[in-house]
Protein chains: 2
Amino acid sequence: MKNEDEPKDKRLKPGDAQKLTMAEVAKYVGVSAMTVSRAFRQDASVSEETRKRIMEAVDALGYVLDLSAGSLSSRRSGFIAALVPSINNSNFSDTARGITDALENTGLQLLLGYTDYAAEKEEELIEAMLRRRPEGIILTGGSHTARARRMLAKAGIPVVETWELPEDPINHVVGFSNSEAMALLVRALAGQGYRKFGYIGGTTARDTRGSQRRSGFQKAVEELGLGPGRMISFGVPPITMEQGGQAIVSLLERWPDTEVVLCVSDLSAFGAIMECKRRGMKVPGDIAIAGFGDYEISSICHPSITTINVDCYGIGRQAAARLLDALQGSGEATGDDITLTGYRVVLRESTDRSA
Amino acid sequence: MKNEDEPKDKRLKPGDAQKLTMAEVAKYVGVSAMTVSRAFRQDASVSEETRKRIMEAVDALGYVLDLSAGSLSSRRSGFIAALVPSINNSNFSDTARGITDALENTGLQLLLGYTDYAAEKEEELIEAMLRRRPEGIILTGGSHTARARRMLAKAGIPVVETWELPEDPINHVVGFSNSEAMALLVRALAGQGYRKFGYIGGTTARDTRGSQRRSGFQKAVEELGLGPGRMISFGVPPITMEQGGQAIVSLLERWPDTEVVLCVSDLSAFGAIMECKRRGMKVPGDIAIAGFGDYEISSICHPSITTINVDCYGIGRQAAARLLDALQGSGEATGDDITLTGYRVVLRESTDRSA
DNA sequence: CGACATTATGATATCGATAACACTCGAAGC
DNA sequence: GCTTCGAGTGTTATCGATATCATAATGTCG
């Protein structure tokens with residue numbers, strides 16, 4: 001009777017809901033809170049009639065389930081965490097979309113984070129995510145700090161690494177060999193008669209997929225006996241369209257007789273092509289240019305861009321699927337589990353030999 | 001003694017952490033759990049020495065704070081929810097990035113959802129988000145279902161609507177008038193001497209920003225006495241690059257003498273330009289084309305694309321900033337609060353009159 | 001018709017942290 | 001020397017749902 005008449009916390013604004021709880025809904029209907037809780041999950045054995053009355057009450061009162069309370073006692077957070085290098089890159093936003101779609105109707109929600117291609121940022125984010133006790137986690141790539149690996153091991157949840165084939169996988173992998181894919185593109189273009197190959201990529205090793213593509217290029221060129229490739233590094237990954245344009249200028253200054261240039265991604269390839277056109281060069285004709293990733297832009301632009309198509313969306317879907325399997329499965333922990341995702345060369349106008 | 005010797009849940013894999021709690025860390029250090037809790041937040045008055053010992057123990061044991069437990073008792077989830085139409089559109093992913101950046105070091109985490117431009121999906125997502133008890137929510141646009149509005153009102157948390165100026169704002173707004181912005185572009189191009197205006201956009205009213213741009217176009221053309229605009233609708237929003245290409249074909253078939261075409265977004269403008277080039281038309285020269293949104297592609301492509309630059313990233317940052325203000329403020333609930341974000345016409349090659 | 005399974009529901013303990021308040025102890029003030 | 005204060009720490013209740021076990025009502029079968 002002392003502090004009953006005035007609420008402790010005055011933060012509430014007029015019209016605010018006074019934190020409605022399950023118990024109040026229960027009282028309103030004349031059942032126990034437990035029954036209301038059951039009514040919210042289809043599995044429970046609540047009579048159709050009771051459930052209906054409860055749901056009407058929920059509607060009338062405007063009650064919204066509180067999962068944070070529920071997850072504490074059920075020990076299931078309902079979260080899946082995913083870390084991507086950047087959401088402002090359509091390849092990764094496609095993957096994020098794939099994850100989201102695969103999670104639909106599973107009752108799991110996606111917690112997304114951006115690492116900005118930095119392992120330290122990834123470490124921070126992993127910790128932040130684990131504090132929410134996700135039931136599984138999806139990472140991009142296979143390079144993680146030692147502490148990150150330790151935390152993941154301790155967490156005891158399934159981990160999926162994507163977009164690469166890590167040398168030392170943590171748990172599940174859904175990806176492909178970036179170096180093999182780039183090598184395949186080199187061979188396809190060599191098959192068309194190109195001989196003098198150039199390459200454009202970022203400067204540092206931050207972007208492990210970028211480095212792998214570069215080494216795949218290098219290896220393939222040498223294996224074909226086409227001498228060392230002409231490599232230009234420009235800008236900190238991820239390199240932009242604009243940097244692609246600047247890079248091709250450097251490359252052509254240094255090696256004017258280059259026949260075909262492969263770029264670490266379609267974005268830089270696009271920038272390179274546009275810069276060439278702006279300078280009056282013909283693409284193809286004077287120079288052929290190819291990218292990697294098959295972004296939407298590449299099929300549309302003129303000339304359309306030869307590239308490697310990667311199933312970005314599928315990587316997301318499958319990564320989520322592997323996670324769901326692991327969560328459902330009895331936890332047999334069958335060691336490493338690797339899902340290879342496809343890629344293919346898409347030959348388009350930008351490397352058309354007949355031009 | 002029946003199921004004591006074998007654990008119920010075999011889900012745990014070898015090497016798993018046996019759910020370490022704060023109490024165990026506390027026991028290890030020889031303090032109370034409360035002190036450990038305090039050590040995790042800088043505000044608390046824990047002696048430097050104790051804090052150090054606690055953090056060493058945390059490190060040694062590999063303890064990770066459990067926020068879900070904490071948020072239940074502190075009644076602060078540490079979440080901000082944000083809904084965008086699509087993450088696969090760089091305008092919105094830029095906004096998401098802005099929100100993320102603004103939230104850095106605030107201890108708040110972003111819960112992101114995609115509505116796919118559908119109000120019903122938005123309603124579902126709002127409910128899903130509210131179940132996590134976010135401390136604030138950021139929405140795109142001002143069209144919401146009645147139930148969504150009711151839930152938001154009941155939730156009693158600050159709401160920010162973005163990217164538009166809703167007629168009936170819920171709470172805070174961070175945006176601009178899409179129709180005014182498009183009208184400005186029309187006037188700028190009319191000022192360059194263009195007279196016969198065409199417009200390309202999506203078919204339905206799902207995308208409210210698209211509709212507003214369309215009506216801004218229409219109004220401006222009429223006000224300038226340039227007759228009704230030539231409007232082509234193509235595809236369900238958001239319309240793709242490819243659809244932009246198809247749309248311009250229809251438009252030019254129907255009105256071959258069109259001088260300039262405005263598109264609902266840069267993506268469709270890009271598709272339209274590329275299609276024209278593919279058909280041997282000169283852009284500009286034979287036809288001028290402009291977009292909306294100033295995507296990265298528009299400054300790079302050849303010809304570069306005239307457009308409206310929108311501060312996508314800033315919208316995100318400011319939306320988050322308004323939310324933080326509201327959370328800090330004593331909850332005076334000072335009615336509506338509208339933050340206008342800038343936009344500007346960017347004239348580029350694609351509408352160059354001298355070409 | 002009695003033993004037993006099945007269905008629908010309730011009571012109570014609990015998840016793991018934090019709020020709120022209590023307490024100890026040494027320093028400061030008069 | 002006694003009161004007052006604040007820094008540092010502990011104790012207990014609690015957040016709001018769910019796991020678990022108990023119980024009442026109903027149905028089944030030989």
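So that the names make sense, note that chain A is the first sequence line, chain B the second, and so on, each numbered from 1. Any value given below was found using the heavy atoms of this structure, including those in side chains, with hydrogens, waters and symmetry copies removed.
For C/dG16, neither phosphate oxygen OP1 nor OP2 lies less than 4.0 angstrom from any side-chain nitrogen or oxygen of A/R131. Contact annotation: A/R75 side-chain N/O to C/dG16 OP1/OP2 distance is under 4.0 Å.
As rounded to whole Å, 16 Å separates atom P of D/dC15 from atom CE of A/M22. Across the protein-nucleic acid pair, B/K52 atom NZ and D/dG8 atom P stand 16 Å apart, rounded to whole Å. Per the geometry, CZ belonging to A/R53 stands 14 Å off P belonging to C/dA8, to the nearest Å. Spacing between atom NZ of A/K27 and atom C1' of D/dG16 amounts to 15 Å, rounded to whole angstrom units. The distance between atom CZ of A/R76 and atom C1' of D/dA19, rounded to the nearest whole Å, is 14 Å. In this structure, B/R133 atom CZ and D/dG16 atom P are separated by 9 Å, rounded to whole Å. For the pair B/I54 CD1 and D/dG8 C1', the interatomic distance rounds to 11 Å; values are reported in whole Å. Taking atom CD of A/E49 as the reference point, atom C1' of C/dT9 lies 13 Å away to the nearest angstrom.
Judged as a ring-ring contact (aromatic ring centres under 6.0 Å, His included), the pairs with a partner in residues 49-80 of chain B (not counting sequence neighbours) are, in order, A/F79-B/F79, B/F40-B/Y63.
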Go along nucleotides 9-14 of chain D 5' to 3' and tag each nucleotide: B for a protein heavy atom under 4.0 Å from its base, S when only backbone or sugar atoms are that close, - otherwise. BBB---
Can you give one letter per nucleotide of nucleotides 23-28 of chain D, 5' to 3': B if a protein heavy atom sits under 4.0 Å from the base, S if only from the sugar-phosphate, - if neither? ------
May I have the step-by-step check of side-chain contact (heavy atoms from CB on, under 4.5 Å) for A/V31 and A/T50, ending in yes or no? CA-CA 9 Å; A/V31 296; A/T50 308; 4.1 Å; yes
What verdict does the salt bridge (Lys or Arg N to Asp or Glu O under 4.0 Å) test give for B/D66 and A/R133, after you've listed the backbone C-alpha separation in whole Å, the side-chain angles of each residue and the deciding distance to 0.1 Å? CA-CA 7 Å; B/D66 186 334; A/R133 297 292 186 267; 3.6 Å; yes
Apply side chain to side chain donor-acceptor pair (under 3.5 Å) to residues A/S71 and A/R75 and explain how you reach the verdict. CA-CA 5 Å; A/S71 61; A/R75 289 121 155 312; over 6 Å; no
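Checked options A/K121, A/R147, A/R132; the residue passing with A/E127 is A/R147 (criterion: salt bridge (charged side-chain N to carboxylate O under 4.0 Å, His left out)).
Under the side chain to side chain donor-acceptor pair (under 3.5 Å) criterion, B/S93 pairs with no residue at all, not counting sequence neighbours. The side chain to side chain donor-acceptor pair (under 3.5 Å) search around A/S32 returns A/T35, not counting sequence neighbours.
In this structure the side chain of A/N89 never reaches within 4.5 angstrom of the side chain of A/Y114, judged on heavy atoms.
Side-chain atoms of A/D101 and A/Y313 form a donor-acceptor pair, as typed in the model, at a separation below 3.5 Å. Using a 3.5 Å distance cut-off with no hydrogens or angles, the side chains of A/E164 and A/T208 do pair a donor with an acceptor.
A donor-acceptor pair under 3.5 Å is absent between the side-chain atoms of A/R53 and the main chain of A/E48, judged by distance alone.
Contacts between residues 61-71 of chain B and DNA chain C, defined by a heavy-atom separation below 4.0 Å, involve B/Y63, B/D66, B/A69, B/G70, listed by number.
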